[in-house]
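This report concerns only the one structure given below.
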Amino acid sequence: MDIGVVLQNDPPALEIVEWAKKAEAAGFSHFWTFDSHVLWQEPFVVYSAILGATERIVVGPMVTNPGTRDWTVTASTFATLNEMYGNRTVCGIGRGDSALRVLGLTPQTLGQLRESVLAIKGLGNGEKVTVRGQELRLAWAADSRLEVWVAAYGPKALAITGEVGDGFILQLADPDIAEWMIKAVRKAAADKGRDPDAIKFCVAAPAYVGDDLGHQREQTRWFGGMVGNHVADIVARYGSSGAVPQALTDYIKAREGYDYAEHGRAGNSHTAFVPDEIVDRFCVLGPVEEHTRKLRELQELGVDQFAVYLQHDAKAETLAAYGEHIIPAFS
């Protein structure tokens, strides 16, 4: 199983490049960042600097969306990075949350998401595609190779992932929920005539190595609030009808609001509704042995990559622990 790392694009941007260099040296396979250009710095500019300063690590957004950039621009950006640095990119994409809501916009429709995946993937692999009735091809991108991994929670988004995605991104590390969603994606792929085993599965969640569980919970409680934004949309659409696992829908009942100025921040004051049980289930906390145990459980479900959210007060210590103990265990 690959181990990746996820960071926000907080200034200074060159510090993010240094984190990517440290991640590569520690053995991480992927370096992901948020893509929310008002809240944080522009990721694709940072990716170019990262790729120029490293040799192996793969970069990509967790996640971009179909709304803030034209799909052809997104594909061209990835293809350009691939031409410059040798096919070391991956496109994580979803409907859009913080990037669109801070602009006063709503997330894109599932139909737009599906069309964007096909357009970006086709153009990013040098193929002809039809966008808005126009047949297009990046003639200079014949050697570009780009996978598009879809972030999803709800049943229709999971179906789209299985039908058109190269990979599935699940932003929580609960094995029971992961098993349920992986099965849904695989079924959708099989129903479409695709090989379910060809889809890559990535679980992304905060990981904090240490012994003070109470402190770790407080430093990662923000994640339950972030996930709750997406779950609230699903509940608004489907109700608590079993469309997604009950563990997802129950905990957001006490959710009252959300401030995107604190999105993804440790100590987020709008995530007090997230109980300890959800923090423990969604994140990977505790000593090295607990991280290894939980990642083994996810690996047995078919997870190909675990991406570590390093958004707490022990970034360096956790990155080092993964490099010294956990990544070697999965190599």
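Numbers for residues simply follow the sequence, beginning at 1.
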Nearest-0.5 Å distance, [atom1] of residue [X] to [atom2] of residue [Y]:
| X | Y | atom1 | atom2 | value |
| --- | --- | --- | --- | --- |
| Leu172 | Ile278 | CG | CD1 | 9.0 Å |
| Lys22 | Lys315 | NZ | NZ | 11.0 Å |
| Phe31 | Ile50 | CZ | CD1 | 4.5 Å |
| Asp35 | Asp97 | CG | CG | 12.0 Å |
| Ser116 | Arg95 | OG | CZ | 11.5 Å |
| Gln41 | Asp10 | CD | CG | 8.0 Å |

For [X] and [Y], work out which heavy atoms get closest and say how close.
| X | Y | result |
| --- | --- | --- |
| Lys294 | Pro175 | CE-CD, 4.0 Å |
| Val6 | Met62 | CG2-SD, 3.8 Å |
| Ala207 | Val308 | CB-CG1, 3.5 Å |

query: For the side chain to side chain contact (heavy atoms under 4.5 Å, CB included) test, which of Leu298, Asp304, Ile169 pairs with Val203?
result: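 So the option named by the test is Leu298.
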
- request: Going by the side chain to side chain contact (heavy atoms under 4.5 Å, CB included) test, name the single residue among Leu146, Thr77, Val63, Val150 that passes it with Cys91.
  value: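 Going through Leu146, Thr77, Val63, Val150 one by one, the side chain to side chain contact (heavy atoms under 4.5 Å, CB included) with Cys91 is satisfied by Leu146 alone.
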
Distance only, no hydrogens: is a donor on one side chain within 3.5 Å (strictly under) of an acceptor on the other, for [X] and [Y]?
| X | Y | result |
| --- | --- | --- |
| Trp32 | Gln305 | yes |
| Ser29 | Arg56 | no |
| Asn9 | His37 | no |
| Gln112 | Thr109 | yes |

Once you measure the plane-to-plane angle for [X] and [Y], does it fall in the parallel (<30°), tilted (30-60°) or perpendicular (>60°) bin?
| X | Y | answer |
| --- | --- | --- |
| His312 | Tyr208 | tilted |
| Tyr322 | His291 | perpendicular |
| Trp222 | Tyr309 | perpendicular |

Lys/Arg-Asp/Glu bridge criterion (N-O < 4.0 Å) met for [X], [Y]:
| X | Y | answer |
| --- | --- | --- |
| Glu300 | Arg296 | no |
| Lys200 | Glu147 | yes |
| Arg281 | Asp276 | no |

Are any side-chain N or O atoms of [X] and backbone N or O atoms of [Y], one a donor and one an acceptor, separated by less than 3.5 Å?
| X | Y | value |
| --- | --- | --- |
| Asp70 | Thr72 | yes |
| Ser331 | Ile327 | yes |
| Tyr153 | Met181 | no |
| Asn87 | Arg145 | yes |

Side-chain heavy atoms of [X] within contact of [Y], under 4.5 Å:
| X | Y | answer |
| --- | --- | --- |
| Leu51 | Leu81 | yes |
| Arg293 | Glu297 | yes |
| Arg88 | Val59 | no |
| Ile177 | Phe282 | yes |
| Asp166 | Trp149 | yes |

- prompt: Does the ring of Phe168 carry Arg186 above it, NZ/CZ under 6.0 angstrom from centre and within 45° of its axis?
  reply: no

Audit row: Glu115, Arg132, salt bridge (charged side-chain N to carboxylate O under 4.0 Å, His left out) steps and yes/no: CA-CA 10 Å; Glu115 290 180 35; Arg132 293 183 292 272; over 6 Å; no

message: Tell me if the aromatic rings of Tyr47 and Tyr85 count as close, with their centers under 6.0 Å from one another.
response: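 No: the rings miss the under 6.0 Å criterion.
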
message: If you count heavy atoms of other groups shown closer than 6.0 angstrom to CG of Asp143, is the number above 12?
response: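 No, not enclosed.
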
Linking I/L/V/M/F/W/Y whenever their side-chain heavy atoms sit closer than 4.5 Å, directly or via other members, would [X] and [Y] fall into one cluster?
| X | Y | answer |
| --- | --- | --- |
| Met84 | Val17 | yes |
| Val73 | Val148 | no |
| Val45 | Leu14 | no |
| Leu113 | Leu105 | yes |

message: So, using side chain to side chain contact (heavy atoms under 4.5 Å, CB included) as the criterion, who are the partners of Val131 when residues are at least two apart?
response: Trp71, Ala119, Val129, Leu136

- request: Could you check Gln311 against Gln8 for side chain to side chain contact (heavy atoms under 4.5 Å, CB included), going step by step and ending with a plain yes or no?
  value: CA-CA 8 Å; Gln311 287 157 227; Gln8 294 169 333; 3.5 Å; yes

message: I'd like to check the ring-ring contact (aromatic ring centres under 6.0 Å, His included) partners of Phe28; sequence neighbours left out, ordered by chain and number.
response: none

field: Full working for salt bridge (charged side-chain N to carboxylate O under 4.0 Å, His left out) between Arg217 and Asp280
entry: CA-CA 7 Å; Arg217 284 170 174 160; Asp280 294 347; 2.6 Å; yes

message: So, using side chain to side chain donor-acceptor pair (under 3.5 Å) as the criterion, who are the partners of Lys21 when residues are at least two apart?
response: Glu18

task: Start with the C-alpha gap between Arg194 and Glu163, add the side-chain angles, then the distance that decides, and say whether salt bridge (charged side-chain N to carboxylate O under 4.0 Å, His left out) holds.
output: CA-CA 7 Å; Arg194 302 182 72 202; Glu163 292 166 2; over 6 Å; no

